[in-house]
Amino acid sequence: MAEVLLENVWKIYEGDVTAVKNISLEIKNREFMVLVGPSGCGKSTTLRMIAGLEEITRGTIRIGSRAINNILPKDRDIAMVFQNYALYPHMTVYDNMAFGLKLRHFKKEDIRKRVLEAARILNIEEYLDRRPKQLSGGQRQRVAVGRAIVRKPEAFLFDEPLSNLDAKMRVQMRAEISKLHTQLETTMIYVTHDQTEAMTMGDRICVMNDGIIQQVAEPIELYDHPANRFVAGFIGTPPMNFFEGILTAQGDDLIFKEENFSVVLPLEWRNKVEAYIDRRITFGVRPEDMGSDVAEKMPGMPKVLAKVEVIEPMGAETYVYLNSGRHSFIARVDPHRRMKVGDEIQVAIYLPKAHLFNVETEQAII
């Protein structure tokens, strides 16, 4: 079993700098878990504690049934792929991939068999006699992954492995690593700051901020049901729009009122939101749920009048950066809709996909 379990794990550096704050996380056997968050959120520190490259201040980390806090990195039966590839420049691709096995005194024929098998899986057989400087960035990353594969570890750890690649190569390598996970059926823990990588690759995603786990869920669950405002704003491109206003009651209706628009909330929300009557709350809605096609989905949706500040044609769709006076937001509109900077336009809100957040705690209400 290659289940990885973190129990109340802390990392505190000298000077009382806390990088990871009492996190607990279960990574299932054969799962592809992605740790995602902004720079400095503690995700790489968490990965390095699993690898044994950082000492755990408090708590326990287990791989299978073994507590690994005091086990040396080389004895943890994990393999790590780094951001900078970490290849030996004077060695061939074959020797780079074989090096770890030689240190473990594997037989020559076993080494050759494992290296050739990994090279075939990664489609780098023709590069085995080359040196790293003769390879592209994507090819070097494949070699770094191959060096991990030959170990046949219980778990693979990836520390932002695609950040040095160009956009096209990142897309290709995302697909290749996902396919590799399916082929190898091994536990993988992947760290990235790129939420697109997280959404497209992970079986589940662990969103971190300020050393704390914000939410752990499958990608679509994170997207549709964020636990708090941070997750809602971090997951999704472009990010969710937020409007602060007051919840009021008029007869049987509960109404969210903002400076430039008001929204009658659905009746089925009443039990969850009536405690916030006459209080400030945050209304959130994604750009794809604000736009010219919203009225077609459901007539009678509330509308916002706003001035066009920036137009971003994307081909199949256009994103428009708008200002409603107090708030700036982004809406997705029909790419054939004619408009120019400075125009005032109306955009509809698809209310069934909207969210409400507590202003003080930033936790999701709806």
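The backbone N or O of Val285 sits nowhere less than 3.5 Å from a side-chain atom of Lys353 that would complete a donor-acceptor pair. Distance alone, capped at 3.5 Å, places no donor-acceptor pair between the His355 side chain and the Asn228 backbone. Asn69 places a side-chain N or O within donor-acceptor distance of the main-chain N or O of Ile61, the cut-off being under 3.5 Å. Here the side chain of Arg104 pairs a donor or acceptor atom with the backbone of Gly100 at under 3.5 angstrom. Panel note: side chain Arg332, backbone Pro287; no donor-acceptor pair is recorded below 3.5 Å. Side chain of Arg170 to main chain of Leu165: a donor-acceptor pair is present (N/O by atom type, distance under 3.5 Å, no hydrogens or angles).
The shortest distance between side-chain heavy atoms of Lys272 and Leu356 does not fall below 4.5 Å. The side-chain heavy atoms of Met301 and Pro352, taken from C-beta on, include a pair separated by under 4.5 Å. The shortest distance between side-chain heavy atoms of Ile50 and Arg76 does not fall below 4.5 Å. A heavy-atom distance below 4.5 Å is found between the side chains of Met173 and Arg142. Counting only heavy atoms from C-beta outward, the side chains of Ile205 and Gln195 never approach each other to under 4.5 Å. For the pair Asp95 and Lys102, the minimum side-chain heavy-atom distance is below 4.5 Å. Looking at Leu162 and Tyr190, their side chains come closer than 4.5 Å, going by heavy atoms from C-beta outward. Residues Lys43 and Val36 form no side-chain contact, since every pair of their non-hydrogen atoms from C-beta on lies 4.5 Å or further apart.
Salt-bridge check for Asp159 with Arg48: failed, with every basic side-chain N at 4.0 Å or more from each acidic carboxylate O. At a threshold of 4.0 Å, the pair Glu26-Arg204 does not count as salt-bridged, since none of the basic side-chain nitrogens sits closer than that to a carboxylate oxygen. Between Arg30 and Asp203 there is no salt bridge, since none of the side-chain N atoms of the basic residue sits less than 4.0 Å from a carboxylate O of the acidic one.
Atom CZ of Phe158 sits about 7.5 Å away from atom CE of Met201, to the nearest 0.5 Å.
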Query raised in the report: When you look at Val143 and Tyr85, which way does the side chain to side chain contact (heavy atoms under 4.5 Å, CB included) test go after all the steps?
Result: CA-CA 8 Å; Val143 176; Tyr85 319 136; over 6 Å; no
Requested in this report: Could you please spell out the steps behind the side chain to side chain contact (heavy atoms under 4.5 Å, CB included) verdict for Val273 and Phe256?
Outcome: CA-CA 10 Å; Val273 304; Phe256 171 81; over 6 Å; no
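Residues Ile330 and Ile345 do not share a hydrophobic cluster, clusters being chains of Ile/Leu/Val/Met/Phe/Trp/Tyr side chains in contact below 4.5 Å. Note: the hydrophobic cluster containing Leu265 does not contain Phe357 (ILVMFWY, side chain heavy atoms under 4.5 Å, direct or indirect links). Note on Tyr319 and Leu322: separate hydrophobic clusters, where clusters join Ile, Leu, Val, Met, Phe, Trp and Tyr whose side-chain heavy atoms are under 4.5 Å apart, directly or indirectly. One hydrophobic cluster holds both Tyr127 and Met169 under the rule that ILVMFWY side chains link at heavy-atom gaps under 4.5 Å.
Of all heavy-atom pairs between Met208 and Phe230, the closest is O-CE2, 3.8 Å.
Checking Ser163 against Gln83 by side-chain atom types alone, a donor-acceptor pair falls below 3.5 Å. There is no side-chain donor-acceptor pair under 3.5 Å between Thr92 and Asp129.
Note: Phe261 and Phe243 meet the aromatic proximity criterion, with ring centroids under 6.0 Å apart.
The only member of Ile111, Val115, Asp110 that meets side chain to side chain contact (heavy atoms under 4.5 Å, CB included) when paired with Val150 is Val115.
A 6.0 Å sphere centred on CG of Asn123 holds no more than 12 heavy atoms belonging to other residues, nucleotides or ligands. Atom CD of Glu218 has 12 or fewer neighbouring heavy atoms from other residues, nucleotides or ligands inside a 6.0 Å radius. Residue Arg326 places its CZ atom among more than 12 non-hydrogen atoms of other residues, nucleotides or ligands, all under 6.0 Å distant. Around NZ of Lys307, the count of heavy atoms belonging to other residues, nucleotides or ligands within 6.0 Å does not exceed 12.
Ring pair Tyr88/His90 is perpendicular by interplanar angle, where above 60° counts as perpendicular and below 30° as parallel.
A cation-pi arrangement is absent between Arg114 and Phe106, since the terminal nitrogen or guanidinium carbon is not both under 6.0 Å from the aromatic centre and inside a 45° cone about the axis.
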